[in-house]
2 protein chains.
Amino acid sequence: MARVHNFCAGPAALPLPVLEKAQAELLDFNGNGMSLMEMSHRSKAFDEVINTAEANIRKLMGISDDYAVLFLQGGASHQFAMLPMNLMAGKAADYINTGAWAKKAISEAKLAGKVNVVWDGADDKYNRMPKADEYTLNSDAAYVHICSNETIGGIRFTDFPKTEAPLIADMSSEIMSRELDVNQFGMIYAGAQKNIGPSGLALVVIRKDLAERCPETAPKIMRYSTHIAENSLYNTPNTWGIYIVKLVTDWLLGLGGVSAMEKINEEKAKVLYDAIDGSDFWKPVAAKEYRSTMNVCWTTPNEELDAKFVKEATAANLSGLKGHRSVGGLRASIYNACPREAIDALVNFMKEFEAKNG
Amino acid sequence: MARVHNFCAGPAALPLPVLEKAQAELLDFNGNGMSLMEMSHRSKAFDEVINTAEANIRKLMGISDDYAVLFLQGGASHQFAMLPMNLMAGKAADYINTGAWAKKAISEAKLAGKVNVVWDGADDKYNRMPKADEYTLNSDAAYVHICSNETIGGIRFTDFPKTEAPLIADMSSEIMSRELDVNQFGMIYAGAQKNIGPSGLALVVIRKDLAERCPETAPKIMRYSTHIAENSLYNTPNTWGIYIVKLVTDWLLGLGGVSAMEKINEEKAKVLYDAIDGSDFWKPVAAKEYRSTMNVCWTTPNEELDAKFVKEATAANLSGLKGHRSVGGLRASIYNACPREAIDALVNFMKEFEAKNG
């Protein structure tokens with residue numbers, strides 16, 4: 001069959017040229033006579049892959065030498081545990097609770113030490129981010145943690161909190177989708193499977209001095225310092241995942257980098273939000289000011305029509321539009337690799353659906 | 001170029017039919033209109049992949065319902081930390097030190113609790129496994145840990161230790177290469193990248209009752225019980241890795257399963273060891289009784305010839321034959337996916353090399 005329009009929340013669509021290149025060299029990577037998957041992680045050929053992936057990421061995000069760029073396993077969920085184990089160092093940490101993913105990070109951190117939840121969006125059903133005057137950070141916090149874009153709620157921080165303690169952000173569902181100053185952050189991490197690659201990999205960008213905080217009682221494999229010292233090769237990394245990230249970041253650089261991608265993303269999101277706002281038939285889930293450009297959540301007039309929409313959309317090759325079970329309704333994840341044509345096809349389908357059911 | 005004969009220690013050769021299938025369906029998995037990499041880990045299509053992979057493994061290894069089969073991230077190195085965190089439960093554990101990989105497991109375990117190294121092969125430069133009367137196990141040990149096949153030293157346990165405490169085995173470099181009774185073990189684990197798939201994945205086979213030992217202070221993502229309860233989908237798993245394991249185990253079942261594979265492996269190893277034993281030019285590294293059928297280590301008369309051998313072999317499309325830097329010499333990793341033809345090509349090359357340099 002033809003490839004569908006893929007709105008999955010993650011694992012998610014990858015750029016077609018990336019898949020085509022991976023397919024073309026699957027039996028013989030770069031003239032080495034073997035697949036990338038069959039190749040030592042300590043070979044020259046793989047060295048070039050991981051070094052290029054890192055250089056691409058540094059270039060795309062403007063990352064200075066004060067920061068390490070790590071490719072770890074276990075996705076963001078593993079970071080929820082690794083972060084407090086490394087950075088709390090006996091102090092409490094501030095967490096802002098903005099929805100499902102922030103909550104998971106909080107739950108793991110509580111097992112590692114004292115957590116202060118300085119703001120909780122429960123009263124508004126997590127449909128918005130807080131304003132700066134709605135929370136008070138603790139002056140002696142080990143760090144301040146945010147989820148910069150909530151995949152399930154479809155909200156994002158427009159501006160990031162100003163903090164004295166290092167600001168740590170889970171950016172899984174928006175990494176490299178918009179320009180930002182990495183120097184605002186102590187650490188940024190992201191599961192790869194939404195915006196930059198396949199699952200089984202986490203990108204961690206960490207200020208090197210923070211990695212020194214980890215107590216020597218922590219498992220060696222759970223310390224950022226271990227992986228910094230070994231350039232992500234302390235243990236065998238997910239070589240295939242790093243290879244795909246290399247191809248995705250090559251592709252992103254070819255498009256003109258994050259600033260060019262951000263413009264495309266804003267256009268894509270505008271077209272879809274305009275369609276939702278353009279009729280009373282559709283109801284957006286997130287408060288306007290905090291709408292995500294990556295995860296667009298909305299509903300039809302009722303749950304039956306939501307289900308009908310998902311079913312008929314799937315039949316029309318528009319895949320992955322069911323909202324998360326905790327929110328319901330509809331969700332289109334329109335990450336970097338989701339092309340403008342997919343948005344246009346979705347909006348056209350929405351018009352037809354409304355005409356028939358409105 | 002043509003595909004080379006791949007003797008890499010890991011990541012290692014994969015069966016050609018597996019790579020060809022992965023290549024064929026890379027843009028469209030099973031008529032879903034998207035790559036497996038782009039697909040939700042909670043989709044029906046992926047459910048079938050992970051369930052088939054598990055069923056294949058249960059069938060191939062004869063695993064009863066008393067055991068859980070888990071697909072985790074971080075490879076065996078992550079298990080070195082996860083195992084003691086889950087299973088020590090305040091007690092000491094016995095470890096048998098048989099070389100580089102056993103040592104790494106011991107080093108991580110010491111950070112988690114008390115470790116008794118009940119035997120150490122240092123005096124023999126780790127060229128053999130211990131006999132049963134050479135070590136005394138502690139009656140109150142939480143568990144007994146072995147590395148059943150040392151990739152770097154090229155030795156393996158012919159018979160496994162008889163233990164009262166649960167026997168735990170790192171089988172990364174020999175999993176599914178020979179028949180064994182899983183019921184002898186409390187847990188078996190293996191990084192996938194040597195015998196069953198790509199890197200970024202660990203297979204864990206654990207007796208379910210042992211998973212209950214984990215203290216509630218452990219990070220939730222580090223508990224076996226978490227992953228058992230969620231059927232390896234607590235967090236997004238390495239979906240591509242699991243897919244390749246599914247294809248590899250399909251292939252292995254098609255060959256006739258582990259018993260058929262074991263016969264082929266024994267023949268392959270015999271041909272290579274016979275060539276080594278057949279001339280004084282070559283010196284085997286491992287003691288005969290404990291020779292691995294997966295990792296064959298040997299040397300030429302001197303280091304210069306070792307280096308020359310590796311260089312000329314590489315030019316002759318025989319790749320990955322350099323011994324690990326800690327042992328030196330030569331090593332051929334001849335895992336399940338390494339075909340008999342590769343062994344024959346290597347042995348022929350050895351004969352030519354000896355004729356020129358002997």
Side-chain angles (χ1 to χ4, degrees), chain A residues 1-4 6 8-14 16 19-20 22-23 26-28 31-35 37-41 43 73-78 80-81 85 107-108 111-112 191 193 197-201 216-222 234-241 244 317 319-320, chain B residues 1-4 6 8-14 16 19-20 22-23 26-28 31-35 37-41 43 73-78 80-81 85 107-108 111-112 191 193 197-201 216-222 234-241 244 317 319-320:
Chain A
M1 79 178 292
R3 281 176 50 86
V4 301
N6 183 353
C8 285
L14 287 164
L16 187 56
L19 294 173
E20 286 169 340
Q23 183 177 48
L26 201 134
L27 294 187
D28 177 12
N32 288 278
M34 58 178 80
S35 176
M37 283 186 278
E38 302 176 294
M39 189 167 281
S40 171
H41 55 300
S43 63
Q73 294 180 55
S77 294
H78 193 70
F80 296 163
M85 193 183 281
S107 160
E108 262 313 1
L111 290 166
Q193 71 271 16
S199 62
L201 191 67
E216 292 195 351
T217 50
K220 200 171 172 202
I221 199 159
M222 296 288 279
Y234 169 69
N235 61 327
T236 316
N238 179 344
T239 56
W240 176 261
I244 299 292
N317 282 345
S319 187
Chain B
M1 80 179 291
R3 281 177 49 85
V4 300
N6 183 353
C8 286
L14 288 164
L16 187 57
L19 294 173
E20 285 169 342
Q23 182 177 49
L26 201 135
L27 295 186
D28 177 12
N32 287 278
M34 59 178 81
S35 177
M37 282 187 279
E38 303 176 294
M39 189 167 281
S40 170
H41 55 299
S43 63
Q73 295 179 56
S77 293
H78 193 70
F80 296 162
M85 194 183 280
S107 160
E108 238 357 328
L111 290 165
Q193 71 271 15
S199 62
L201 192 68
E216 292 196 352
T217 49
K220 201 170 172 202
I221 198 157
M222 296 286 281
Y234 169 69
N235 62 326
T236 316
N238 179 344
T239 55
W240 176 261
I244 299 292
N317 281 345
S319 187

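Protein chains get the first letters and strands the later ones, always in sequence-line order, with residue 1 at the start of each. Hydrogens, waters and symmetry mates play no part in the numbers below; they use all other heavy atoms, side chains included. Worth saying up front: this structure is predicted, and the values here are computed from it rather than measured.
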(message) I'd like to verify something: which residue of A:C8, A:A22, A:G74, A:G197 has the highest number of heavy-atom pairs under 4.5 Å with chain B?
(response) A:G74

(message) If I compare all heavy atoms of B:H78 with all of A:H78, which pair ends up nearest, and what's the gap?
(response) CE1-CE1, 3.0 Å

(request) Could you check A:H41, A:M39, A:M37 and say which one makes a side-chain contact (heavy atoms from CB on, under 4.5 Å) with B:P11? (result) A:H41

(request) Just jot down the side-chain contact (heavy atoms from CB on, under 4.5 Å) partners of A:L16, sequence neighbours excluded, or say none. (result) A:R3, A:E20, B:L27

(request) Calculate, to the nearest 0.5 Å, the distance between atoms CG and CD belonging to B:N238 and A:Q193 respectively. (result) 10.0 Å

(message) Does any backbone or side-chain atom of B:I244 lie under 4.5 Å from a heavy atom of chain A? Answer side chain, backbone, both or neither.
(response) side chain

(request) Sort out for me which of B:N235, B:L26, B:T217 touches chain A most, counting heavy-atom pairs under 4.5 Å. (result) B:L26

(request) Can you see which heavy atom on B:A218 is nearest to which on A:L111, and at what distance? (result) O-CD1, 3.7 Å

(request) Check whether any side-chain N or O of A:E108 sits under 3.5 Å from a backbone N or O of B:P219 as a donor-acceptor pair, and report yes or no. (result) no

(message) Quick one, B:E38 and A:L19 - any side-chain contact, counting heavy atoms below 4.5 Å?
(response) yes

(message) I need the residue from B:A12, B:P198, B:A81, B:G75 with the largest number of non-hydrogen atom pairs under 4.5 Å to chain A.
(response) B:A12

(message) List the residues meeting side-chain contact (heavy atoms from CB on, under 4.5 Å) with A:S319, not counting sequence neighbours, and say none if there are none.
(response) A:V4, B:M34

(message) Do A:M222 and B:M85 have side chains that approach each other closer than 4.5 Å (heavy atoms only, starting at C-beta)?
(response) no

